[in-house]
Each structure stands twice: as C-alpha cells, then as structure tokens.
Amino acid sequence: QKEGYRFFMEKEIYEQSDVIADTLMGRLSDSEIIFDELDKELFNGINEIKLCACGTSYHSALSASYLFERYSKIKTSVEIASEFRYREPIMTQDTLFVVISQSGETADTLETLKMAKNAGLKTLVICNVDNSSMVRLADATILTRAGIEKGVASTKAFATQVTVFWMLTLYIAKLRNSLKEEEIIRQISLLREVPASVKVTDQMHEKLKRLSKRYLHGHGFFFIGRDIFFPLALEGALKLKEISYLHAEGYPSGEMKHGPIALADPELFTIALLPEHLHYEKSKSNVEELSARDSTICAISSIEFDKADDFIQISKCKDYMLEFFEMMIVVQLLSLEISVRLGNDVDMPRNLAKSVTVE
Ligand code: F6R
C-alpha cells in the first residue's frame with residue numbers, strides 16, 4: 001500500500017497535490033467560492049469567529065485566523081481545545097464556533113463543540129471524516145478531502161484544512177462584501193495554482209535528503225516566520241519533534257530578541273521562512289540577527305539569501321499563499337529526511353497515537 005514510498009508519511013506528502021485538487025473540485029467558479037453544503041444563513045448576525053482545535057489542526061486554525069481578518073474582515077480568535085474547555089470562556093451568540101479536526105473524534109475538541117452547542121452558538125466543523133462524532137454534532141460541515149491519513153504525523157490533512165480555510169475566507173468575504181470582486185477573482189486563480197505548487201520535485205527532495213545530514217545533532221531548532229508563516233513555523237517544529245525526537249520550537253521571527261536569541265550558537269539550527277511577498281525585509285533582518293550570533297541558518301525563500309549556511313530555493317510565484325504551500329512541503333520533507341537519517345520509524349513515532357480520543 002505504500003506504493004513504492006518508504007513510509008506512509010512520505011506517500012502522503014506526495015499526495016498533497018492530488019488531495020488539494022480534490023478539495024477544490026466543484027468549489028471554485030470564476031468569481032466565487034461554492035460550498036453547496038453550507039446554508040448562507042449560518043453567517044447571519046455573526047460578528048466573530050472562534051476557531052478551536054488541537055495539534056496540527058490548531059496550526060491550520062491559527063493560519064486561518066490571519067486570512068479571516070485580512071480577507072473576511074471578521075474578528076477571529078483561535079483556541080487550543082484542551083485549554084478552552086476548562087477556562088470558563090465567555091461565548092456570545094454573535095460568534096460562529098468552528099472546530100477543526102482530521103479525525104472528528106479528538107476528545108478535547110469534541111468537548112468544546114458540545115460546550116458551544118450548549119451555549120446556543122452556531123457551529124461549523126471542518127473535518128476529514130464523514131459521519132464522525134463532530135460531523136454528527138455540528139450545525140454545518142465542510143469536509144476536507146484528504147483521504148485516509150495513515151502517517152501519525154499529519155501532512156495532507158493540514159494541507160487540505162488550510163485550503164478549505166482559504167476558500168471559506170473568500171466565501172465569507174463575498175457575503176460581507178469585504179473584498180473587491182477583482183481581488184476575489186485573483187485569489188480564486190491563485191487557489192487553482194496550489195496543486196501545482198505543492199508537487200514535490202526530485203530536485204527538491206534530493207536536496208533535502210543531502211541537507212538533512214547537517215541537522216542531526218545540535219541542541220535544538222528554531223523554526224521562525226512572520227504572519228501566517230508563524231503557524232507554519234509551529235507546524236514545521238511539531239513535525240520535526242514528532243518524528244525525529246529533536247527539540248524544536250516555532251517562533252514569530254520578531255520575538256527572538258525578546259529572549260530566545262540567547263540560545264543562538266552554531267549548534268542551534270534556525271529554519272527561517274522568508275517569503276518574498278510578505279514582510280520580507282523585516283523577516284530577513286531577524287534572520288540576520290541570528291546569523292550574527294552564529295546560529296546555523298537554513299533559509300527557505302525564493303530570493304537568494306547569502307547570510308544562510310544552507311539555502312532552499314522555492315519557486316518564484318505571485319503571492320505569499322503559494323509560497324506558504326511550497327514552504328509547507330519543504331518543512332515536511334526536511335523533517336521526514338532528518339527522521340529517516342536518525343533511523344526512526346517515521347510512521348509510528350514513539351509515544352504518539354493517530355487519534356486522541358481520551359483527554
Ligand atoms: C500532529 C498530529 C496531531 C493532531 C491532533 C488533532 O501531526 O497529527 O497533532 O493534529 O491530535 O487531531 P485531529 O485533527 O484528528 O483532531
């Protein structure tokens with residue numbers, strides 16, 4: 001079933017182009033997003049969106065929060081389910097409560113959905129498993145079409161979640177008139193480019209295999225990025241932790257000087273996400289600060305960066321969201337190759353289960 005791939009995770013990374021295409025299928029017209037499964041009434045009277053999830057699904061929610069505020073112009077907050085359920089949160093009726101889950105069974109996330117329902121909020125689930133507990137409970141569902149995900153480290157579920165979120169922000173933008181028609185049209189054409197932008201090339205994979213050699217020993221990794229690249233940094237760090245057992249943290253680039261930069265030395269590896277189309281100069285100067293303190297830098301960008309010890313070139317493209325998806329592939333593959341070199345079982349990482357149905 002691995003169809004020639006060494007691990008399910010590897011197969012699933014390669015599948016992302018196809019499953020994103022599936023997730024887009026039938027949902028794009030030239031000028032609007034089509035979600036036949038949604039009743040527009042769900043958004044009536046809504047002034048806030050609250051997103052709630054765990055782990056990788058939480059990272060996709062965090063990514064979405066940037067898009068909801070930027071494109072849908074709607075106040076958005078993001079919650080870690082295991083925290084939210086115990087902190088006596090204030091829930092107002094003008095909030096749409098959205099849970100995100102690959103499995104639809106994660107205990108903490110399910111519990112927050114019950115809380116929101118009990119408080120009388122409208123609820124939506126973004127889920128990969130039809131007829132799961134969350135799908136049965138929520139008022140509305142958007143299914144990601146990632147197919148069965150076997151690797152314990154989630155990859156294609158994350159990719160399809162972000163895709164759905166991007167579409168949903170445009171769908172709401174149209175309802176609320178918060179983006180110009182031509183901008184929606186432009187973004188829909190970008191969405192159509194995502195499947196091609198996440199195709200893994202042999203050249204990229206070989207480069208990451210070679211490069212992984214350098215990153216096996218050291219005292220830790222920082223994945224850094226700004227804006228929506230911060231949740232991607234968190235996700236990159238989580239992938240690496242899960243399957244390589246190396247210590248990795250995701251940080252907002254601008255936060256380094258407030259403490260973490262104290263750790264910088266050649267044994268500290270910084271994976272820097274440097275998108276050309278979003279805060280490039282600011283992010284670059286943050287990386288330069290780390291480089292000046294001798295951290296070993298691996299920069300991912302479409303613009304050559306000479307202060308980096310290693311440089312991973314992504315394609316020149318038109319928009320930061322395409323850069324996001326291409327960098328997602330890079331951080332997933334880099335984690336995979338580091339784990340393989342360390343001799344770990346990528347699909348069965350120690351101490352982890354695919355679905356966390358106990359709290
Ligand atoms: C990480 C991973 C986990 C899950 C988390 C939530 O690779 O897979 O962090 O994302 O346990 O699971 P779901 O999305 O099924 O609710």
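Small disclaimer: the values here were computed from a predicted structure and weren't measured. All values below come from the heavy atoms of this structure, side chains included, with hydrogens, waters and symmetry mates left out. Start at 1 and go down the list; that is how both ligands and their atoms are numbered.
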Test side-chain contact (heavy atoms from CB on, under 4.5 Å) on M204 and I312 and set out the steps. CA-CA 8 Å; M204 172 68 81; I312 301 168; 3.8 Å; yes
Give the ring-plane orientation class for [X] versus [Y], where under 30° counts as parallel, over 60° as perpendicular and anything between as tilted.
X: Y5; Y: Y14; value: tilted
X: F325; Y: W166; value: parallel
X: F221; Y: F269; value: perpendicular

Checking E304 now: which residues fulfil side-chain contact (heavy atoms from CB on, under 4.5 Å) with it, not counting sequence neighbours?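 In terms of side-chain contact (heavy atoms from CB on, under 4.5 Å), with neighbours along the sequence ignored, E304 is linked to F311, Q313.
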Scan K354, H59, E149 and name whichever one has a side chain to side chain donor-acceptor pair (under 3.5 Å) with S154.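 Filter result, single survivor: E149.
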Using a cut-off of under 3.5 Å, which N/O atoms of ligand 1 pair up with protein N/O atoms, and what distance separates each pair?
residue: ligand 1; atom: 7 (O); partner: T56; partner atom: OG1; Å: 3.3
residue: ligand 1; atom: 7 (O); partner: S154; partner atom: N; Å: 2.9
residue: ligand 1; atom: 7 (O); partner: K239; partner atom: NZ; Å: 3.0
residue: ligand 1; atom: 7 (O); partner: E242; partner atom: OE1; Å: 2.8
residue: ligand 1; atom: 7 (O); partner: E242; partner atom: OE2; Å: 2.9
residue: ligand 1; atom: 8 (O); partner: V152; partner atom: O; Å: 3.3
residue: ligand 1; atom: 9 (O); partner: T56; partner atom: N; Å: 3.2
residue: ligand 1; atom: 10 (O); partner: T56; partner atom: N; Å: 3.1
residue: ligand 1; atom: 12 (O); partner: T106; partner atom: OG1; Å: 3.4
residue: ligand 1; atom: 14 (O); partner: S57; partner atom: OG; Å: 2.6
residue: ligand 1; atom: 14 (O); partner: Q102; partner atom: N; Å: 2.7
residue: ligand 1; atom: 15 (O); partner: S101; partner atom: OG; Å: 3.4
residue: ligand 1; atom: 15 (O); partner: Q102; partner atom: N; Å: 3.4
residue: ligand 1; atom: 15 (O); partner: S103; partner atom: N; Å: 2.9
residue: ligand 1; atom: 15 (O); partner: S103; partner atom: OG; Å: 2.7
residue: ligand 1; atom: 15 (O); partner: T106; partner atom: OG1; Å: 3.4
residue: ligand 1; atom: 16 (O); partner: S101; partner atom: OG; Å: 2.6
residue: ligand 1; atom: 16 (O); partner: T106; partner atom: OG1; Å: 2.5

